[in-house]
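The next block holds one structure in the form of C-alpha cells; read it before the comments.
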Amino acid sequence: AQSVTQLGSHVSVSEGALVLLRCNYSSSVPPYLFWYVQYPNQGLQLLLKYTSAATLVKGINGFEAEFKKSETSFHLTKPSAHMSDAAEYFCAVPSAYSGAGSYQLTFGKGTKLSVIP
Amino acid sequence: EAGVAQSPRYKIIEKRQSVAFWCNPISGHATLYWYQQILGQGPKLLIQFQNNGVVDDSQLPKDRFSAERLKGVDSTLKIQPAKLEDSAVYLCASSLNGGQQETQYFGPGTRLLVL
C-alpha cells in the first residue's frame with residue numbers, strides 16, 4: 001500500500017518567515033498526493049493536490065507544493081507565514097485496498113505549525 | 001453548496017456504554033468514508049461506502065463497531081460497547097465517486113471521550 005512520511009511533528013516559524021513542511025512518499029509509481037489543513041476543532045480542508053498535470057501546484061491561502069520524483073517528495077511551502085496559518089497539516093496519498101477501483105486516503109502523522117508573532 | 005454535516009459534535013460516555021454518530025454527505029456524492037483520528041495522529045480509515053454498499057471495512061473493529069448507509073445517503077457509525085481507547089475524533093468525508101484524483105470533503109467531526 002502507498003504511504004507518506006511527514007518529517008517533524010511540530011514546526012515553529014516567526015510571522016513573515018518561510019514555511020516549509022516536509023512530506024515524502026513511498027512508491028515506485030508517482031502517485032497522486034494531497035495536502036490537507038486542520039484548524040483546531042474542525043475537520044480537514046484541502047489545501048492542494050498533485051494530479052500529474054504540473055509539478056508545481058498552487059493551493060489556497062498562498063501555499064504551494066512541488067512534486068520531485070527524484071526525491072520522492074512533495075513538500076509544502078509558503079513564502080511568508082501569517083498568524084492564521086497556525087494549524088495542523090497532513091500529507092496524504094490515495095490507496096485502494098479493496099481493488100474495486102475506489103480509493104481512500106492514507107495520511108501522514110501530521111505536522112503542527114505554530115506561528116510566533 | 002452545503003458541506004458534510006455531522007452530529008453530535010461532542011460526546012462523553014462511560015466505558016461499556018454505546019454511542020452513535022450521524023453523517024450527511026454532500027448531495028450527489030456516492031462515496032462516504034468514516035475515519036478515526038486519535039490525538040496526535042493522522043486520520044485512519046474505518047469504513048468506506050460506495051452508495052449503500054461497503055467497499056472496505058478491513059480496519060473496522062467489527063466486534064464493537066458497526067456502520068450502515070441505508071438508501072445510499074446518510075450514514076450512522078455505532079460503537080457498542082465503548083472502550084477507553086475509542087476516545088478520538090470521528091470524521092466523516094465524502095467524494096463524488098471515490099476516484100484517485102477526487103477531493104474528499106470532510107465534516108467537522110465528532111469528538112468522543114470515553115471515561
Side-chain angles (χ1 to χ4, degrees), chain A residues 1-10 21 23 25 27 29-54 57 59-60 67 87-112, chain B residues 3-10 21 23-26 29-51 53-60 69 89-113:
Chain A
Q2 311 276 22
S3 65
V4 290
T5 301
Q6 291 185 245
L7 293 176
S9 59
H10 198 161
L21 305 180
C23 173
Y25 65 91
S27 172
V29 177
Y32 300 109
L33 290 159
F34 297 76
W35 274 102
Y36 279 84
V37 60
Q38 186 176 33
Y39 298 102
N41 298 317
Q42 294 186 30
L44 280 72
Q45 179 184 5
L46 181 72
L47 271 178
L48 51 82
K49 62 180 177 181
Y50 168 73
T51 58
S52 74
V57 183
I60 61 171
F67 177 80
E88 191 152 21
Y89 293 79
F90 293 94
C91 184
V93 62
S95 304
Y97 289 92
S98 65
S102 186
Y103 291 81
Q104 58 204 237
L105 288 174
T106 298
F107 288 88
K109 293 186 176 181
T111 298
K112 188 171 184 179
Chain B
V4 177
Q6 288 187 250
S7 67
R9 290 296 312 275
Y10 304 92
F21 313 130
C23 173
N24 182 235
I26 292 174
H29 279 193
T31 310
L32 185 146
Y33 313 80
W34 283 102
Y35 289 90
Q36 180 192 56
Q37 185 179 21
I38 292 173
L39 188 64
Q41 299 182 21
K44 183 189 81 173
L45 183 80
L46 290 174
I47 189 167
Q48 178 181 349
F49 292 93
Q50 185 75 10
N51 296 308
V54 175
V55 173
D56 189 332
D57 63 357
S58 58
Q59 299 179 84
L60 187 75
R69 191 184 183 197
V89 177
Y90 291 85
L91 294 164
C92 180
S94 70
S95 69
L96 199 58
N97 284 304
Q100 280 193 80
Q101 300 186 50
E102 289 181 12
T103 298
Q104 290 186 24
Y105 297 87
F106 285 79
T110 296
R111 189 173 298 270
L112 174 67
L113 180 60

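Proteins come first, then strands; the chains are lettered A, B, ... in the order of their sequence lines, and each starts at number 1. Just so it is clear, the model here is predicted, and its values are computed rather than measured.
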Using heavy-atom distances under 4.5 Å, tell me whether Gln45(A) contacts chain B through its side chain, its backbone, both, or neither.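 Answer is neither: Gln45(A) stays 4.5 Å or more from chain B.
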For Leu44(A), is it the side chain, the backbone, both or neither that has a heavy atom under 4.5 Å from a heavy atom of chain B?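 Both parts, heavy atoms under 4.5 Å.
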Under 4.5 Å from a heavy atom of chain A, the part of [X] involved:
X: Thr31(B); result: side chain
X: Gln50(B); result: side chain
X: Gln37(B); result: side chain

Taking atom types as modelled and ignoring hydrogens, do the side chains of Arg9(B) and Asn41(A) form a donor-acceptor contact shorter than 3.5 angstrom?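 No, Asn41(A) and Arg9(B) have no side-chain donor paired with an acceptor closer than 3.5 Å.
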Do we see a donor-acceptor contact under 3.5 Å between the side chains of Lys109(A) and Ser9(A)?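 There is no such pair (donor and acceptor under 3.5 Å, judged by atom type) between the side chains of Lys109(A) and Ser9(A).
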Does Gln42(A) have any side-chain contact (heavy atoms from CB on, under 4.5 Å) partners at least two apart in sequence or in another chain, and if so, which? Tyr39(A)
Residue of the set Tyr90(B), Tyr33(B), Trp34(B), Tyr35(B) for which ring pair (Phe, Tyr, Trp, His ring centres under 6.0 Å) holds with Phe106(B):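 With Phe106(B) as partner, ring pair (Phe, Tyr, Trp, His ring centres under 6.0 Å) holds for just one option, Tyr35(B).
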Assess the residue pair Gln41(B) and Phe107(A) against the criterion (side-chain contact (heavy atoms from CB on, under 4.5 Å)); give the C-alpha distance rounded to whole Å, side-chain angles, the decisive distance to 0.1 Å, and a yes or no. CA-CA 9 Å; Gln41(B) 299 182 21; Phe107(A) 288 88; over 6 Å; no
In terms of heavy-atom pairs under 4.5 Å with chain B, which of Ser52(A), Gly110(A), Pro94(A) leads? Pro94(A)
